[in-house]
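Inspection log for the structure reproduced underneath, given as structure tokens.
Just so you know, residue 1 is the first one in the sequence shown, and it goes up from there.
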Amino acid sequence: MFADKVEKSLFFKPITVLYGNNASGKSTVLNIMANKLQIEGQEYATCNQYGIVQYFTKFVDECSYTLGEDEDGRQIGRLPRGSRYIKSEDILYEIKKIQQEQILGDGYIYEHIKRGMNKGQIEQLKNSDKMKKQMGFLKFAQEKYSNGETTLQIFDDFVEPDALYLLDEPEVSLSPANQTFLAEKINEMSRLLGCQFIISTHSPFMLGTLNAKIYNLDSRELEVTKWTGLENVRYFYDFFERHKKEFT
């Protein structure tokens, strides 16, 4: 995947973006980092059933990294606690869990209605210790019903100060407005909480909002590129330019 790339070293800012179209390898790069750094969320990639060489492990072993220096110029010895790799499927899994909990709760009540419980008895059931936990899930699901709102809540729950976060396409399930809002939150967490983020994305809304260094994985030289020069962003620009008259 990266055999034809000229540049072999990446240098990271408080926020660094790995941009690329589908199959560019941006998610693979994040997983390699997670495995090399041994942080929570890493995924081990195995070869297929016919393979005999563990290429992923071999590639990870060939990679190296340094953690840089702290504010006093001393070499950093280890990653901060709480650092983790958060994938888009992790977020979708959390959303699915919340939705399933609501379904289970509704099903639980429905079964008691079928058994002949009246409205008053159902209300007593809802207020019982037995139902308390499930109703808590229901209340949370109602308050955070949309996938986008749940995604933002998950980031609030996961992110701690002074840690490294590898984020794989965090814009999944988010509207353009919420993508921008999340990017602004990431800027804020980097600036005020001392967090560092390495993010894979091709969302123009994320790219245009993040105060980030952007590596273009579609280029042979892994160029550092302005967001306005990226292919996916230019596609959006050209599309709306062609339809500009329809907005007047």
* Asked: Just how far is it from atom OG1 of T57 to atom CG of N35, taken to the nearest 0.5 Å?
  -> 7.5 Å
* Asked: Given the rule that I, L, V, M, F, W and Y join up when any side-chain heavy atoms are under 4.5 Å apart, are F247 and F239 in one cluster?
  -> yes
* Asked: Does the pair T225 and S219 meet the rule for a side chain to side chain contact (heavy atoms under 4.5 Å, CB included), with working shown?
  -> CA-CA 10 Å; T225 310; S219 67; 5.6 Å; no
* Structure fact -> Residues passing the side-chain contact (heavy atoms from CB on, under 4.5 Å) test with E246, sequence neighbours excluded, are H243
* Asked: If every non-hydrogen atom of S190 is compared with every non-hydrogen atom of F197, which pair is closest and at what distance?
  -> N-CE1, 4.0 Å
* Mind checking side-chain contact (heavy atoms from CB on, under 4.5 Å) for S9 and listing every partner two or more places apart, or none if nothing turns up? => E7, F11
* To do: Output the distance between atom NZ (K87) and atom CD (E169), rounded to the nearest 0.5 Å.
  => 13.0 Å
* Could you pull out the closest heavy-atom pair between S27 and D168, with the gap in Å? => OG-OD1, 2.8 Å
* Same apolar cluster: L210 and L193, side chain cutoff 4.5 Å -> yes
* Taking atom CD1 of I214 and atom CG of L18, what is their separation to the nearest 0.5 Å? -> 10.5 Å
* Structure fact -> Output for pair (L10 CG, T16 OG1), nearest 0.5 Å, gives 8.5 Å
* Measuring from T201:OG1 to K26:NZ, what's the distance to the nearest 0.5 Å? -> 7.5 Å
* Taking side chain as C-beta onward, heavy atoms only, is S83 less than 4.5 Å from L37? -> no
* **From CG (L174) to CZ (F181), nearest 0.5 Å** => 10.5 Å
* To do: Go through the structure and list residues passing salt bridge (charged side-chain N to carboxylate O under 4.0 Å, His left out) with E241, not counting sequence neighbours.
  => K244
* Determine, using the 4.5 Å side-chain heavy-atom cutoff (strictly less than), whether L67 and V29 are members of one ILVMFWY cluster. => yes
* Let me see the working for Y215 and K213 under side chain to side chain donor-acceptor pair (under 3.5 Å), right down to the final yes or no. => CA-CA 7 Å; Y215 280 105; K213 178 180 187 178; 3.2 Å; yes
* Structure fact -> On a heavy-atom basis, the closest approach of S200 and P170 is O-CD, 3.8 Å
* Mind jotting down which residue pairs meet the side chain to side chain donor-acceptor pair (under 3.5 Å) criterion with at least one end in residues 179-189? Sequence neighbours excluded, please. => D156-K185, Q179-S203
* Heavy-atom count around F12 CZ within 6.0 Å, excluding the residue itself: above 12? -> yes
* Does Y165 reach the main-chain N or O of E160 with its side chain, forming a donor-acceptor pair under 3.5 Å? -> yes
* Are L207 and Y19 side-chain neighbours, meaning at least one heavy-atom pair lies under 4.5 Å? -> yes
Less than 3.5 Å apart, which donor and acceptor atoms pair up between the side chains of residues 227-235 and the rest of the protein, not counting sequence neighbours?
| residue | atom | partner | partner atom | Å |
| --- | --- | --- | --- | --- |
| E231 | OE1 | N21 | ND2 | 3.1 |
| N232 | ND2 | H202 | O | 2.5 |

* To do: Please answer whether the main-chain N or O of Y65 pairs with a side-chain N or O of K36 as donor and acceptor at a distance below 3.5 Å.
  => no
Return a table of donor-acceptor pairs under 3.5 angstrom between the side chains of residues 73-82 and protein atoms on other chains or two or more places apart.
| residue | atom | partner | partner atom | Å |
| --- | --- | --- | --- | --- |
| R74 | NE | D70 | OD2 | 3.2 |
| R74 | NH2 | D72 | OD2 | 3.0 |
| Q75 | NE2 | G68 | O | 3.2 |

* Test I86 against L166 for side chain to side chain contact (heavy atoms under 4.5 Å, CB included), laying out the working first. => CA-CA 6 Å; I86 303 175; L166 311 182; over 6 Å; no
* Asked: Do you know which of L30, I198, I186 makes side chain to side chain contact (heavy atoms under 4.5 Å, CB included) with L167?
  -> I186
